[in-house]
**Student:** 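One structure, pasted below without further comment.
Chain letters run A, B, ... following the sequence lines, proteins first and then strands; every chain starts at 1. Fair warning: this is a prediction, and the values are worked out from it, not measured in the lab.
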Amino acid sequence: MTNLEIAKLLRQISAAYEVKNEGPLRREASRFRIRAYDNAADSIEHSTSEVKDLWEQGHLEDIHGVGASLAGHLDELFKTGKITHFEQVTKNLPNGMFELLDVQGIGPKTAYKLSQEFKLDNPKTALKKLQQAAVSGKIRKLENFGQESEKDILQALQSFKVKDTRVLLPTATSIAEDVIKYMQQCPDALSVDMLGSLRRRAATIGDVDIAVASTQSQQVINHFTKYPHIRQILAQGKNTARFIHKQGGVQVDIKTQTPDKYGALLQHFTGSKNHNVHLREIAIQKGLSLSEYGIKKGDSLIKFSNEEVFYKALGMQWIPPELREDAGEIEAALKHQLPKLIEPTDIKGDLHTHTNYDWISSHDRGTDSLEAMAKQAIELGYEYIALGDHNPSISSYTKTKIVSEISKRSEQIDHLKSTSGINILKTLEIDIQTDGKLSVPDAGLEQLDFAIISIHSVMSLSKNDMTKRVLAAFSHPKAKILGHPTGRLLGKREGYELDWDQVFEFCAKHNKFLEINAQPSRLDLPDILVRDAIKAGVKLVIDTDAHNAASLQLMRFGVDVARRGWATKADIVNTLSWEDFSATIKI
DNA sequence: GCCGTTTTCGGCCCGACTGTTTTCAGTCG
């Protein structure tokens, strides 16, 4: 079971309790139990480590929000595939109601009422039957429903079908940047910023949230709702509004605030939720109360035009949004010991690239020439670039032929080196075979400055075998970088399993580097492992894995991951000057 | 049901928006 499935199950239990939460006496106790299930679901959904892994290691209660009771339930789930207690809780409820919870605007109570009225007992047909009821005008006749709510449900059902669950960070970024550019054209918009998980630069984004500072809120909202790429407006109030973007059905929210209170708005809606809850606990201890408007002390409200003064008022350093996950950043900020995070401008070169060099390659070739890649690197202001490709296919070439192909390519790069005006390194991304051997013979490896080694096949090995496989390949002196170390593809594939403690120890000891791959669907290493690696003394590289010249610009998303993993400039090898880098890579 | 540099008991963040209401419940973030 994946984290997402477990989170969904917990939310179903929460919804079941919500519906059953009747009678004034039971209400208080249950309210907090409901919240506890939701909190646990949030934690699990946002956890970068797999809950199942934690269970195997006996560390379920390390998850914030999972205590003895839930750990027991999860243990039963992993052992037997079901949870008896949960089955009892959901027993007398219509089965179809839980499907309805995924529809925008339908919560537990509404889902229950609708599934009760329309006898939605079958989860598979529940959404379809609900749509039929809406189309035939039956919903508006129910008590506490009307024409508007029927229309809303119908619209939500229609956009539900096209809405992807979460979008990748670069997609959300480009949507947000376009909306921001549009909002900046509004004369009443004094500042425009990203909010939420987007501002925290998380790998996947639910909604795009935007903040605007203005004294003319209504004008800003009016401008917002005239954005040209709206599929549907969901809400429009005095200070906030929300629409569904034509692209991917992404929901875009806007919040406005006057400039004197703008800092509190930014802080509040950047989150994360857990970060804010922790901040409020600290505030309560000081007799203060936090909100999106500022800090309340008794009856008076202290206003903040920017975040720096907001955090200062709580006795701490300003915390970069990427760190706001309640993962120790508040404690560090109180002690004024936050790290100075790496900046995009610290990057001096890209080490993982692909070109259209003409050979039968083991995987997809790039689309731009060696020259074009080097030229783009110069434009980005880099001091060096490693020109790579996948190794020649071992099923199409003999070993001898592979070596001679690499020789030919090396000659071409050497020629380019003398004319290009940038330092160029010769490299390849080399497949790690199932037995840990590299797919290029030693005589071929000798001609490279270094090799990136990656797993592209047979990902189902056990954790132990996979670790042996990687470390065997990594032992070759030319193997310096492990490419996309977990092999995950966001929203498509979980990564394979590795014994990270062992990998980290090996890298730290032998001067090997782990990659933060900036491809949108990879962002691999994931942020949490970045932080663990750094704690273990491992050095990392940030690479784009670009298959064309334009993709070299994806670097910023890799830097985002590094920052979320608390990385400083010193932790990232390709922030080194050419002189220091070339010395390091040849060790 | 979870959690702990004031607590193993007694707390648990705060507010906007909408629709169907004549003052509020449900949903969302």
**Student:** Could you tell me the separation between the CD1 atom of A:Ile233 and the C1' atom of B:dT18, rounded to a whole number of Å?
**Tutor:** 15 Å
**Student:** Tell me every residue that passes salt bridge (Lys or Arg N to Asp or Glu O under 4.0 Å) with A:Asp501, counting only those two or more places apart in sequence or in another chain.
**Tutor:** none
**Student:** What is the pairing partner of B:dT8, taking Watson-Crick or G-U wobble pairs with both distances under 3.5 Å in any strand?
**Tutor:**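 Looking at the geometry, B:dT8 pairs with no nucleotide.
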**Student:** Tell me which residues in residues 136-149 of chain A lie within less than 4.0 Å of DNA chain B, going by non-hydrogen atoms.
**Tutor:**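 A:Asn144, A:Phe145, A:Gly146, A:Gln147, A:Glu148, A:Ser149 - these, ordered by number, are the residues of the stretch whose heavy atoms sit under 4.0 Å from the strand.
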**Student:** Considering only heavy atoms from C-beta outward, does the side chain of A:Val208 approach that of A:Val179 to under 4.5 Å?
**Tutor:**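 No, too far: nothing below the 4.5 Å cut-off.
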**Student:** Is there a side-chain contact between A:Arg33 and the phosphate of B:dG1, meaning an N or O under 4.0 Å from OP1 or OP2?
**Tutor:**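 Yes.
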**Student:** Looking at residues at least two apart in the chain, or sitting in another chain, which of them share a side chain to side chain donor-acceptor pair (under 3.5 Å) with A:Lys128?
**Tutor:** none
**Student:** What residues form a side chain to side chain donor-acceptor pair (under 3.5 Å) with A:Glu150, not counting sequence neighbours?
**Tutor:**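 Residues passing side chain to side chain donor-acceptor pair (under 3.5 Å) with A:Glu150: A:Arg140.
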**Student:** Measure the distance from CZ on A:Phe32 to C1' on B:dG11 and round it to the nearest whole Å.
**Tutor:** 8 Å
**Student:** Assign a letter to each nucleotide of nucleotides 22-29 of chain B from its 5' end: B, base within under 4.0 Å of a protein heavy atom; S, sugar-phosphate only; -, no contact.
**Tutor:** ----SSSS
**Student:** Please give, in whole Å, the distance from B:dC14 P to A:Asn276 CG?
**Tutor:**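 Atom CG in A:Asn276 sits about 12 Å away from atom P in B:dC14.
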**Student:** For the C1' atoms, the ones on B:dC12 and on B:dT7, what distance do you get once it is rounded to whole angstrom?
**Tutor:** 13 Å
**Student:** So if I take residues 306-320 of chain A and measure heavy-atom distances to DNA chain B, which residues fall below 4.0 Å?
**Tutor:**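 Those residues whose heavy atoms fall under 4.0 Å from DNA chain B, taken from residues 306-320 of chain A, amount to none.
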**Student:** Treat primed atoms plus P, OP1 and OP2 as sugar-phosphate and everything else as base, then score nucleotides 2-10 of chain B 5' to 3': B for base contact with protein heavy atoms under 4.0 Å, S for sugar-phosphate contact only, - for none.
**Tutor:** SS--B----
**Student:** Quote, to the nearest angstrom, the C1' distance that separates B:dG1 from B:dT5.
**Tutor:** 24 Å
**Student:** State which residues pass ring pair (Phe, Tyr, Trp, His ring centres under 6.0 Å) with A:Tyr182; sequence neighbours excluded, sorted by chain then number.
**Tutor:**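 Only A:His223, A:Tyr227 meet the ring pair (Phe, Tyr, Trp, His ring centres under 6.0 Å) criterion with A:Tyr182.
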**Student:** Which pairs with one or both residues in residues 185-195 of chain A pass side-chain hydrogen bond (donor to acceptor under 3.5 Å, both in side chains), sequence neighbours excluded?
**Tutor:** A:Asp193-A:Tyr262
**Student:** Which sits closer to the 5' end of DNA chain B, A:Thr240 or A:Glu281, going by the nucleotide each is nearest to?
**Tutor:**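 The residue closer to the strand's 5' end, by nearest nucleotide, is A:Glu281.
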**Student:** Starting at atom CD1 of A:Ile295, determine the distance to atom P of B:dC13, rounded to an integer number of angstrom.
**Tutor:** 17 Å
**Student:** The criterion is salt bridge (Lys or Arg N to Asp or Glu O under 4.0 Å); which residues satisfy it with A:Lys238, sequence neighbours excluded?
**Tutor:** none
**Student:** Check the distance between B:dC17's P and A:Asp152's CG and give it to me in whole angstrom.
**Tutor:** 16 Å
**Student:** Which pairs with one or both residues in residues 289-309 of chain A pass ring pair (Phe, Tyr, Trp, His ring centres under 6.0 Å), sequence neighbours excluded?
**Tutor:**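 Sorted result for residues 289-309 of chain A: A:Phe304-A:Phe310.
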**Student:** Taking B:dT20 as the reference, what is the distance to B:dG15 when you measure between their P atoms (whole Å, please)?
**Tutor:**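 Here B:dG15 and B:dT20 have their P atoms 26 Å from each other.
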**Student:** Rounding to the closest angstrom, what is the interatomic distance between B:dG11 and B:dC17 at atom C1'?
**Tutor:**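 Per the computed distance, 29 Å lies between those C1' atoms.
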**Student:** Applying side chain to side chain donor-acceptor pair (under 3.5 Å) to A:Arg201 and A:Thr173, what does each step give before you reach the verdict?
**Tutor:** CA-CA 9 Å; A:Arg201 311 308 288 159; A:Thr173 301; 3.2 Å; yes
**Student:** Pick the P atom in B:dT21 and in B:dT27, then give their distance to the nearest Å.
**Tutor:**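 To the nearest whole Å, 16 Å.
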**Student:** Find the distance A:Asn239:CG to B:dT18:P and express it as a whole number of Å.
**Tutor:**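 It is 11 Å, rounded to the nearest whole Å.
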**Student:** How about A:Phe118 and A:Leu142: do any of their side-chain heavy atoms sit closer than 4.5 Å?
**Tutor:**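 They are in contact (side-chain heavy atoms under 4.5 Å apart), so the answer is yes.
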**Student:** Which pairs with one or both residues in residues 62-79 of chain A pass side-chain hydrogen bond (donor to acceptor under 3.5 Å, both in side chains), sequence neighbours excluded?
**Tutor:**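 Those involving residues 62-79 of chain A are A:Trp55-A:Asp75, A:Asp75-A:Lys79, A:Glu76-A:Thr84.
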**Student:** What integer distance in Å separates A:Phe224:CZ from B:dC17:P?
**Tutor:** 13 Å
**Student:** Write down the distance separating the P atoms in B:dG19 and B:dC13, rounded off to the nearest Å.
**Tutor:**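 Roughly 29 Å separates the two P atoms.
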**Student:** Quick one, A:Val252 and A:Asp207 - any side-chain contact, counting heavy atoms below 4.5 Å?
**Tutor:**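 No. Closest side-chain heavy atoms not under 4.5 Å.
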**Student:** Could you tell me the separation between the CD1 atom of A:Ile34 and the P atom of B:dG1, rounded to a whole number of Å?
**Tutor:**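 That distance rounds to 11 Å.
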**Student:** Compare all side-chain heavy atoms of A:Glu5 with those of A:Thr2 and state whether any distance is below 4.5 angstrom.
**Tutor:**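 When only atoms from C-beta onward are counted, A:Thr2 and A:Glu5 do touch, with a gap below 4.5 Å.
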**Student:** Rounding to the closest angstrom, what is the interatomic distance between B:dT8 and B:dC2 at atom C1'?
**Tutor:**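 Between the two C1' atoms, the distance is 12 Å.
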**Student:** Does A:Asp326 offer a backbone N or O that forms a donor-acceptor pair with the side chain of A:Glu329 under 3.5 Å?
**Tutor:**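 Answer holds: yes.
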**Student:** For B:dC13, take OP1 and OP2 only and decide whether either is under 4.0 Å from a side-chain N or O of A:Tyr293.
**Tutor:**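 Checking A:Tyr293 against B:dC13: no side-chain N or O falls below 4.0 Å of OP1 or OP2.
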**Student:** Is a side-chain N or O of A:Ser14 found less than 3.5 angstrom from the main chain of A:Leu10, in a donor-acceptor match?
**Tutor:**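 Not confirmed, A:Ser14 side chain does not pair with A:Leu10 backbone.
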